[in-house]
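Here's the structure, in structure tokens; my notes come after.
Keep in mind that what you see is a predicted model, and the values were worked out from it rather than measured. Atoms considered below: every heavy atom in the structure, side chains included; atoms not considered: hydrogens, waters and symmetry mates.
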Amino acid sequence: MAIQPIAKYFESNLNIINDFVCPKEFVISGGANFWNSKKMEILKDENRFRINLKFIDSDKKYYQEVSDRKIEAYKLSNKDHKYYVPKKATHMRSFNPTNNEWGEEFNFTFLGEIDQIGSVEDLKEFDEKFHRLLIPFSSGDRILKDFQRWNFTSDFKSYNKALIKIEFDNLSFHLFNFSNDKQQYWGIDSLQLLDFEKFKSIAYSALNVYGFIKGNLYLKEAYYFASEDRDFIISDFHYTLIRDNLETGYRIFTTDPYSVYVPYHYDKGEQPNTKEVSEWNSELLNFSEENFSKLVEYFYKYEVLSRSALIILEANTQPLELKAASYCVAYEGICHTIIKLIDINAPSVIDQLVWEQNIKPEFENLLNTLTGSSLNEDQVRILKNKINNLNQPTNRDSLTAPFVKLGYNLSSIEIKCIDNRNRFLHGSLPVKTNDEDENFKELYFNSITIHKLIYILILKLIGFDGHIINYPKLHEDVTGKPVDEPLFLKI
């Protein structure tokens, strides 16, 4: 029997969005005394919704209430629409005289922004529904082209339709992308009934996984839809402003060898060897949906991993000194999470049995003989804690143990970069000269090496079997440190 094509129905959702972003005027119910029953105009600019209200002179008495942002939840309504704005979602930008701009009746205007609004008063109404997240964005790329993906049909004219299937814990989702003549969209569908908060968390994890792999994370504005049916023909919606997009260019994975070889040789003033490059085409396979699903599962279940991925994306855009320190923060968090996750025991300085039976008692006996005569109670307590920690694994052992467990052999240069991480975290830079150019090269090499090791750790953890972009090799002309490795590193 032929496999049924995957069908998606977006027209009703896009109609809701297109209608919602048109300028409208509403009557306000609730929220604050100073504007109850007044009219509010909502205007959509590029990335947010702006609000505009007109006030008479006597409303000046509410200025303090406005400036303290004591605006509770409220309803907006006109003859065609009814929307709800939660508390703390309205932000004042100005409350100023208008010089009777609108005539004698109106003397003040309130200008502000709304970062959440929707068609239901309580988001618990979204629970036990099918969920969809739609995010409009602009990009010249077909953003899912490097992944194992499926095509789908839709109920309106659209292009570049592709999706990734995500499955874990008997849950199924689609991460999809499509374009129409005006806009590009991506988002997530749940293929089963879910509570809204759980869907939001998993959807964000999936988007974050994409950003972690490709170096770009498109968020900004999100439209959530909840429906009784999985085709979303009839649905409620909720809009929220999330955060700025992160477009960093530091992708770790590609199936296009030319996109790496061309800049590598260009920096050297060379032309790439076409035959050598084309040989990589059969090696650089799509990122599998199994690996993608496993990453989503780990990002969802282990918040440190998801937060570290976001730190990495943020760091990609930061100045070099901050970039290096941020990578090190993410690296340490990832290491400690993996140590707990797969039950790694880093080696003690001394065999634990020898320590407990032969060495630790000698320290304790010495401490006992000094108690009272040479040491007070606080000093004894502090020294006992020191003794108990003497045989703990070193920082190096703790931060290299996951590589041993996961089967990656660290080079001496990589170990040196790991050792330098402690200096970054304490505000010191691992440089030895006053030559700014040399310092830049050393810092940058340390940064991209830690960056590489982070990806090796997480991708080894999920069982990834493929190649990543080797940034220390790609940028060896920048760092001045030749790297005897290929441009695509096998993991």
Side-chain angles (χ1 to χ4, degrees), residues 209 211-215 248 250-253 260 291 295 298-299 302 304-316 318 320-342 344 346 393-425 429-430 441-476 478-479 481-491:
V209 165
F212 178 71
I213 296 168
K214 296 301 293 181
T248 77
Y250 271 80
R251 58 191 174 148
I252 199 66
F253 182 85
V260 177
N291 286 155
L295 268 181
Y298 278 147
F299 278 29
Y302 303 98
V304 171
L305 297 182
S306 184
R307 187 170 66 247
S308 296
L310 193 58
I311 289 172
I312 293 162
L313 284 170
E314 292 275 14
N316 289 345
Q318 290 174 339
L320 182 55
E321 294 82 356
L322 296 178
K323 184 195 303 287
S326 297
Y327 287 159
C328 290
V329 169
Y331 173 78
E332 189 154 335
I334 290 166
C335 278
H336 290 308
T337 300
I338 291 176
I339 285 171
K340 295 176 184 177
L341 181 59
I342 58 179
I344 297 172
T394 64
N395 269 338
R396 173 190 283 188
D397 288 336
S398 295
L399 297 175
T400 58
F403 292 98
V404 177
K405 182 74 172 182
L406 294 171
Y408 179 80
N409 294 320
L410 290 163
S411 69
S412 59
I413 292 176
E414 290 167 340
I415 291 174
K416 179 183 176 183
C417 290
I418 291 172
D419 290 341
N420 282 335
R421 138 236 148 259
N422 195 52
R423 300 176 67 182
F424 280 121
L425 296 180
L429 301 178
K441 292 178 178 180
E442 186 68 27
L443 281 175
Y444 189 57
F445 180 78
N446 273 267
S447 298
I448 57 178
T449 300
I450 292 294
H451 179 272
K452 177 183 80 170
L453 294 177
I454 287 170
Y455 280 91
I456 289 172
L457 267 183
I458 291 185
L459 293 177
K460 292 284 283 185
L461 176 67
I462 65 167
F464 174 80
D465 182 16
H467 296 81
I468 63 171
I469 299 171
N470 188 352
Y471 278 101
K473 177 67 175 180
L474 178 60
H475 293 165
E476 64 183 3
V478 177
T479 65
K481 293 182 180 292
V483 176
D484 188 21
E485 294 174 347
L487 273 170
F488 292 101
L489 192 65
K490 183 75 163 66
I491 296 181

Exercise. For Phe253 and Ile469, work out which heavy atoms get closest and say how close.
Key: N-CD1, 4.2 Å

Exercise. Could you please spell out the steps behind the side chain to side chain contact (heavy atoms under 4.5 Å, CB included) verdict for Leu410 and Leu453?
Key: CA-CA 9 Å; Leu410 290 163; Leu453 294 177; 3.7 Å; yes

Practice problem: Taking all heavy atoms of Gly333 and all of Val304, pick out the closest pair and write down the distance. | Solution: O-CG1, 3.5 Å

Quiz item: Closest heavy-atom contact between Lys441 and Thr479?
Solution: CB-O, 3.3 Å

Practice problem: Kindly compute the distance separating CG (Leu305) from CG (Leu295), expressed to the nearest 0.5 Å. | Solution: 9.0 Å

Quiz item: Side-chain contact, heavy-atom cut-off 4.5 Å: Tyr298 with Val209?
Solution: no

Give every donor-acceptor pair under 3.5 Å between a side-chain atom in residues 482-491 and any protein atom, sequence neighbours left out.
{"residue": "Glu485", "atom": "OE1", "partner": "Asn470", "partner atom": "ND2", "Å": "2.8"}
{"residue": "Lys490", "atom": "NZ", "partner": "Asp465", "partner atom": "OD1", "Å": "2.3"}

Quiz item: Rounded to the nearest 0.5 Å, how far does CZ of Arg251 lie from CD1 of Ile468?
Solution: 13.0 Å

Quiz prompt | 4.5 Å side-chain heavy-atom contact, Thr400 and Tyr408 | solution = no

Quiz item: When rounded to the nearest 0.5 angstrom, what distance separates NZ in Lys214 from CG in Leu313?
Solution: 12.5 Å

Practice problem: Taking Tyr331 for its side chain and Leu399 for its backbone only, find out whether a donor-acceptor pair lies under 3.5 Å. | Solution: yes

Quiz item: CD1 of Ile454 to SG of Cys328: how many Å apart, nearest 0.5 Å?
Solution: 7.5 Å

Quiz item: Counting N and O atoms only, with roles assigned by atom type, does the side chain of Lys481 sit under 3.5 Å from a partner on the main chain of Glu476, one being a donor and the other an acceptor?
Solution: no

Exercise. Would you check if Ile312 and Thr248 make a side-chain contact, meaning some heavy-atom pair closer than 4.5 Å?
Key: no

Quiz item: CG of Leu406 to CD1 of Ile342: how many Å apart, nearest 0.5 Å?
Solution: 4.5 Å

Quiz item: Rounded to the nearest 0.5 Å, how far does CD1 of Ile418 lie from OG1 of Thr449?
Solution: 10.0 Å

Exercise. Can you see which heavy atom on Glu414 is nearest to which on Asn409, and at what distance?
Key: OE1-O, 4.1 Å

Exercise. For His467, check ring-ring contact (aromatic ring centres under 6.0 Å, His included) against everything at least two apart and list the hits.
Key: Trp280

Exercise. Compare all side-chain heavy atoms of Asn420 with those of Ile450 and state whether any distance is below 4.5 angstrom.
Key: no

Quiz item: Of all residues at least two apart in sequence or in a different chain, which pass the ring-ring contact (aromatic ring centres under 6.0 Å, His included) check with Phe212?
Solution: Phe299, Tyr455

Practice problem: Would you tell me whether His475 and Tyr444 have side-chain atoms, one donor and one acceptor, within less than 3.5 Å of each other? | Solution: yes

Quiz item: How close do Ile339 and Ser398 get, heavy atom to heavy atom, and via which atoms?
Solution: CD1-O, 3.2 Å

Practice problem: Evaluate side chain to side chain contact (heavy atoms under 4.5 Å, CB included) for Val260 paired with Lys473, printing each intermediate quantity in order. | Solution: CA-CA 11 Å; Val260 177; Lys473 177 67 175 180; over 6 Å; no

Exercise. Side-chain contact test, heavy atoms from C-beta onward, threshold under 4.5 Å: evaluate it for Ile456 versus Phe403 and give yes or no.
Key: yes

Quiz item: More than 12 heavy atoms of other residues, nucleotides or ligands under 6.0 Å from CD1 of Ile415: is that the case?
Solution: yes

Exercise. Identify the heavy atoms of Tyr302 and Leu341 that sit nearest to each other, and give their distance.
Key: OH-CD1, 2.9 Å

Exercise. Please tell me if the side chains of His451 and Asn316 come closer than 4.5 Å, counting only heavy atoms from C-beta onward.
Key: yes

Quiz item: Is there a donor-acceptor contact under 3.5 Å linking the side chains of Glu314 and Ser326?
Solution: no

